[in-house]
There are 2 protein chains.
Amino acid sequence: MMFIYETVFAQKLTFTWLQALKRFKPCHINMSNTTIKILAKELNLSVASVSKALRDSHEISKETKEKVLALARKLNYVPNPYASSLRKRKSKTIAVVLPEVADSFFSLAINGIESVAQDKGYHVLIYLTHESFAREEAILNEFKSGRVDGILISVSSETNNSDHITQVIASGKPVVFFDRVCDDVETAKIITDDMESSYKATSHLIQNGCKNIAYIYTSRSLSINNKRLEGYKKALADHDITIQEDLIVLCDSNTTGNYDIIKKLLKKKNRPDALIACVEKLTTPIYLACRDLKLSIPGKIKVISFTNLQAALILSPALTTVTQPAFEMGKMAATVLFKALEKKNYSLKKETVIIPSVLNIRQSAT
Amino acid sequence: MMFIYETVFAQKLTFTWLQALKRFKPCHINMSNTTIKILAKELNLSVASVSKALRDSHEISKETKEKVLALARKLNYVPNPYASSLRKRKSKTIAVVLPEVADSFFSLAINGIESVAQDKGYHVLIYLTHESFAREEAILNEFKSGRVDGILISVSSETNNSDHITQVIASGKPVVFFDRVCDDVETAKIITDDMESSYKATSHLIQNGCKNIAYIYTSRSLSINNKRLEGYKKALADHDITIQEDLIVLCDSNTTGNYDIIKKLLKKKNRPDALIACVEKLTTPIYLACRDLKLSIPGKIKVISFTNLQAALILSPALTTVTQPAFEMGKMAATVLFKALEKKNYSLKKETVIIPSVLNIRQSAT
DNA sequence: AACATTATGGCAATCGTTTGAAAGGTGATG
DNA sequence: CATCACCTTTCAAACGATTGCCATAATGTT
C-alpha cells in the first residue's frame, strides 16, 4: 500500500509559512552548556572533586557533596555523555537492528525493549536493514567501535551468512537475537516455538477437514520460516497427507506482487482448501484475493496467519492467528542483554529462551 | 489486547538450554579495537597525520594516504564515535521522541525518519514517553548535554506545557515537531490538515444522511485532537446541525475501558447514527461494540476512523479511513531537521509543512 | 645565490569526564 | 614529639580523535 501514499503525496506536498503568533520565551539561554569545569570554578573546587561528588564517592565529604549537588541542580548540569563514554569505555547505549517496523510484531517488540532500557537508564539506537544484507553488514560493522555496549538483532530475510555477527561478538560486544536468528551463531536467542505453533495450526486445519493446505512464505533463508515450514510438513506427515510442493509458495518480501501470486495459487486446478500465511503482511492480499475470486472464508477456504494484528478480531471473518509474544520477546531480549552487560563474565553462548506463541482460533478456520 | 499476552506468558515462560552444536568461529579476535594510535605506530607516523590522512586532508601526500587507508582497511579500523563527538561537538545522532510505537502511524513515521537518517549518515536514538509528561520532560532534559544534534518529537497526550521543549531549543538544539505539535513553540512543524480532513469526513457522513454524529477521542490536550474536533464542529455548523456535547466522548488512552465507553455511547436514547474515531486504536472496540449490540455497519451506524491500518480494506465492512501520510511526514520531518543541522544559521522558527491526509471512502460510511 | 612558496608531516592542546595516586590536614596513640 | 591512621581534596594522566600552528624539506622565482 505504501507506494500509493508515496505517489499521491509527492504531488500534493504543500508548504505553508505560518505567521509567528507568540513571542519567543527566553528561559535560560545558555548555549554553552554547564560543564564540570564551570561547577568547579564556581565552587572553588577541583574538577576531580566535583566529579567525585556527583558520583557520590566516599572520598568526598557530605557538605561538599551537597554544595555541588545544589549548584548542579541550579545550573541544570547534564554531564556530557560522550566524554564519560570515552573515559569509561561504556556507552550506556544498545542497538536494535530490525528489518523494518512496518510489522506490528516489531512495533510491539520495540515497546518491550525500550521499556527495559529506560528502566536501566540505557539509550536505544535503532537501525533498519530494510531486509538488505549489505546494509545489515554495514550497520553491524560500525558496532566494533564502541558506539554501543550491546546489540539486539532480528536478521534480514537475505541473511544467510553470519560472519558480520560473529565478528561483532568477537570484538567483545554481546549480541542477542530475537525472533529471526542465525542458528550457527552461538549466542543468546529469544525465539518462539515456531515449529510447534505451525504444527498446531496445520493440525487444526486438518482436523477441520482440510487436505490441500497451502503454505505461503516470504524468505527461503530465514530460519523461522523454515521452522514453520517444518511444523507444517510434520503435521501433514503425521496425518498421512502427502506434501505437495506446489502448494508451498514463495512471495515477495515487498508487498506489491503478492496479491497476484496468491490469486494465481487460488486458481490452480488443485485449489487449496486452506492457507497458512507465515507473515502478517500476507493477510491483506489473501483476504482481497479470496474476496475477488468469490471464495468464501471459511466455507471454500480456511485461513490462518502468523500475525500480531489487533484487528484480526474484526476482520470478516475474524482471522485465526498464531500470535507471537512480541512485547514479551522484546522485553526478554533486552533483559538477557542487560544481564550480559551487568555481570562481568556472563556468557550468552548457551542461553536460549523460548516463549510460546498462541493459536487464537477464530471464524476464518472453523 | 496486550494485557492478555502479558498474563498468559507470565505463566508460560519456558527456558531451554540448547546444546552447543557448532564450534565457535575465531575470525579476528581483536577485543582491543584498533585505534588511530595503533595505526600510527604501525606506520611510523604521528596520530595527527593518520587522522588527517583518514579525513583526506590536503596536508597529507597521496602515497601516505594510501598506506594509511590500506592498513585501516586491513585492521578493520572503525573510528571511536565518542572521541570524535567530544572533540567536534557533533554527535551525528538525532533523537526521535514518540508516545508509543504500537500505532501504525508511528511505525511508518519511524521508517521514514530512519531512511533519511541512514542516507545522511546519522544515527537515530528512539525514546518512548508512553504518553507520560514526566517521562517526556526527563527525556528532553537529557538532550541539553549534546547527546544528540537535533530532536524530532511527537508530544505525549498529557503534554500541555512546553517549557521542557523551549529549554532544549534555547540550549541550541533544533527541534522539529511532527503530527502532535505544541502550538506555542516556535519551531518547525510537520503536520497534516487535521481540521480539513475531519471536516471532509464529517461532511461526507452528513451527505450520507447522518444527523447524530458522535466524535470519539482520547486526549483533551493534544492539538491534533482539537483541530479534528474543530473540523467536526465546523462541518456540523455549516450544515445547520446542532452540536450535541454528549456525543463528543473522551476515551482512555489505555485501551482497556474503551469498549465499555463506546458500548455505553451506543446504548443512549439519542443513539448516534455515525462515529468518527479520532485515533486508530478505537477502531477495534468500535467494531466489537457494534457487533455485540447487533448494530449493522453502515446500515444502523456509519464509521470513519483516523488510521493507517492496511487491514482497513479487509474489515467487515471495509473501513472508511482518514489516512495520514505517515511515512512522508517522518521523512519530511527528518529532512527539515537535517536542513537545520547542515546549514549554519538556518532558522526553523517559521517553517511549517502541511501534508494532506486522504479520505478513503469505503463501505463503512456509505 | 638568495629568497619565497609549496608540500608534507609532527607537536601539542583540546573536547569533558574519570580515577589512581599523591598531598594536605586533623586527631589519636605510643 | 614523632608516628600512624584517616579523611578530604587536588594532581595529572588517561580515553581517542581533531586541528591550528610550526618545522622541515623540496621546489620555484628573481
Side-chain angles (χ1 to χ4, degrees), chain A residues 30-68 71-72 75-93 142 144-149 171-172, chain B residues 30-69 71-72 75-93 142-149 171-172:
Chain A
N30 54 335
M31 290 284 304
S32 65
N33 260 308
T34 58
T35 69
I36 245 182
K37 221 176 272 180
I38 295 174
L39 295 182
K41 189 177 290 173
E42 198 79 16
L43 293 163
N44 272 325
L45 280 173
S46 69
V47 281
S49 304
V50 176
S51 171
K52 285 174 182 168
L54 290 170
R55 331 196 78 243
D56 201 29
S57 155
H58 67 278
E59 296 179 273
I60 302 297
S61 73
K62 209 177 155 198
E63 300 87 61
T64 31
K65 273 185 201 167
E66 279 165 3
K67 278 196 293 184
V68 171
L71 187 65
L75 299 187
N76 209 327
Y77 168 71
V78 184
N80 182 311
Y82 297 142
S84 97
S85 290
L86 179 59
R87 178 62 228 249
K88 297 205 288 190
R89 305 164 141 288
K90 285 277 228 153
S91 64
K92 279 273 184 180
T93 303
E142 269 248 355
K144 293 173 192 158
S145 68
R147 184 182 293 277
V148 297
D149 297 339
S171 84
Chain B
N30 55 336
M31 290 284 304
S32 64
N33 259 310
T34 59
T35 70
I36 240 181
K37 220 176 274 180
I38 295 174
L39 296 182
K41 189 177 289 173
E42 198 78 16
L43 292 163
N44 272 325
L45 282 172
S46 72
V47 280
S49 304
V50 176
S51 171
K52 286 175 185 169
L54 290 171
R55 328 196 80 243
D56 200 29
S57 155
H58 67 278
E59 298 181 89
I60 303 297
S61 74
K62 212 179 155 197
E63 299 88 61
T64 29
K65 272 185 200 167
E66 278 166 3
K67 277 196 296 184
V68 171
L69 261 294
L71 186 66
L75 297 187
N76 208 325
Y77 168 71
V78 183
N80 182 312
Y82 297 142
S84 91
S85 289
L86 180 58
R87 178 62 226 252
K88 298 206 287 190
R89 303 163 144 289
K90 286 278 229 153
S91 64
K92 278 272 182 183
T93 303
E142 269 249 355
F143 295 158
K144 293 174 193 159
S145 67
R147 184 182 293 278
V148 297
D149 297 339
S171 84

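Throughout, protein chains are lettered first and strands after them, A, B, ... in sequence-line order, and every chain is numbered starting at 1. Note that the structure is a prediction, hence the values are computed from the model and not measured.
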Quick check for you: name the first and last nucleotides of DNA chain C, 5' to 3', having an atom under 4.0 Å from a heavy atom of chain A.
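First and last nucleotides in contact are C:dC15 to C:dA21.
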Strictly distance-based, threshold 3.5 Å: is any side-chain N or O of [X] a donor or acceptor partner for the main-chain N or O of [Y]?
X	Y	result
B:Ser145	A:Val78	no
A:Ser85	B:Tyr82	no
B:Ser57	B:Arg55	no
B:Asp149	B:Lys92	yes

- Specify the angle, to 10°, made by the local axes at the two ends of the helix from C:dA1-D:dT30 to C:dG30-D:dC1 when five pairs are taken at each end.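 One end's axis against the other's: 70°.
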Query raised in the report: Which residue lies toward the 5' end of DNA chain D, A:His58 or A:Ala48, if each is placed at its nearest nucleotide?
Result: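 Upstream on the strand: A:His58.
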Note to self: At 4.0 Å (heavy atoms only), tell me whether B:Leu45 reaches a base, stays on the sugar-phosphate, or touches nothing.
What the structure shows: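 Sugar-phosphate, backbone atoms only, no base.
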**OP:** Name the nucleic acid region contacted by B:Thr64, choosing base, sugar-phosphate or nothing; use a 4.0 angstrom heavy-atom cut-off, strictly under.
**Re:**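 Sugar-phosphate, backbone atoms only, no base.
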- Message: Please determine whether a side-chain nitrogen or oxygen atom of B:Arg55 lies at a distance below 4.0 Å from atom OP1 or OP2 of D:dA17.
- Response: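 Looking at the OP1 and OP2 atoms of D:dA17, neither is under 4.0 Å from any side-chain N or O of B:Arg55.
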### Query
Given D:dT18, is OP1 or OP2 found less than 4.0 Å from the side-chain N or O atoms of B:Ser51?
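So the side-chain polar atoms of B:Ser51 do come within 4.0 Å of the phosphate oxygens OP1 or OP2 of D:dT18, strictly under.
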How many Å lie between NZ on A:Lys67 and C1' on D:dT8, as a whole number?
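The distance from NZ of A:Lys67 to C1' of D:dT8 comes to 12 Å, rounded to the nearest Å.
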*Write down the distance between CG (B:Leu39) and C1' (D:dT18), rounded to a whole number of angstrom.*
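Checked: the CG to C1' distance equals 15 Å.
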How many angstroms lie between [atom1] in [X] and [atom2] in [Y], if you round to the nearest 0.5 Å?
X	Y	atom1	atom2	value
B:Leu75	B:Glu42	CG	CD	6.5 Å
A:Ile36	A:Ser49	CD1	OG	10.0 Å
A:Lys37	A:Ser51	NZ	OG	13.0 Å

Qualifying residue, where the test is side chain to side chain contact (heavy atoms under 4.5 Å, CB included) with B:Val50 and the options are B:Thr64, B:Leu71, B:Leu45:
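Testing B:Val50 for a side chain to side chain contact (heavy atoms under 4.5 Å, CB included) against B:Thr64, B:Leu71, B:Leu45 leaves exactly one candidate, B:Leu45.
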- Electrostatic pair A:Asp56:A:Lys65 at N-O distance under 4.0 angstrom: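 Salt bridge present between A:Asp56 and A:Lys65.
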Using the 3.5 Å cut-off, write out each protein N or O paired with an N or O of nucleotides 14-16 of chain D and the distance between them.
{"from": "D:dA14", "atom 1": "N3", "to": "A:Arg87", "atom 2": "NH1", "distance (Å)": "3.1"}
{"from": "D:dC15", "atom 1": "OP2", "to": "B:Lys37", "atom 2": "NZ", "distance (Å)": "3.4"}
{"from": "D:dC15", "atom 1": "O3'", "to": "A:Arg89", "atom 2": "NH2", "distance (Å)": "3.2"}
{"from": "D:dC15", "atom 1": "O2", "to": "A:Arg87", "atom 2": "N", "distance (Å)": "3.3"}
{"from": "D:dG16", "atom 1": "OP1", "to": "A:Arg89", "atom 2": "NH2", "distance (Å)": "2.2"}
{"from": "D:dG16", "atom 1": "N2", "to": "B:Ala83", "atom 2": "O", "distance (Å)": "3.1"}

message = Tell me whether the side-chain N or O atoms of B:Glu59 pair up with the base of D:dC21 as donor and acceptor below 3.5 Å, since no angle test is needed here.
response =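 Indeed, a donor on one side and an acceptor on the other fall under 3.5 Å apart.
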